[in-house]
Amino acid sequence: MKVFFSIMLAFAISAVSVQAGPVRTARNVAKSTANTAKNVAHSTVKGTRRAVHTVVNTFTP
């Protein structure tokens, strides 16, 4: 009975570690995507601000 319990425990632990791999990868992908979106938004705001200043400077005497 102890051997059967040990085998079942080992199987459960290995199944959990196999499932943890893709979850960790998905979490890293999600975090990377969020960081990229934040950087793109920041760059867009920066570029828009620069363009507005250029237009204002062009039209101001």
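Values in this document were obtained by computation on a predicted structure and should not be read as measured data.
- Contacts of V45 classified as side-chain contact (heavy atoms from CB on, under 4.5 Å), with partners at least two apart in sequence or in another chain: R49.
- Remark: V40 engages T36, T44 in a side-chain contact (heavy atoms from CB on, under 4.5 Å) (not counting sequence neighbours).
- Under the 3.5 Å distance criterion, the side-chain polar atoms of S32 are left unmatched by any main-chain donor or acceptor of N28.
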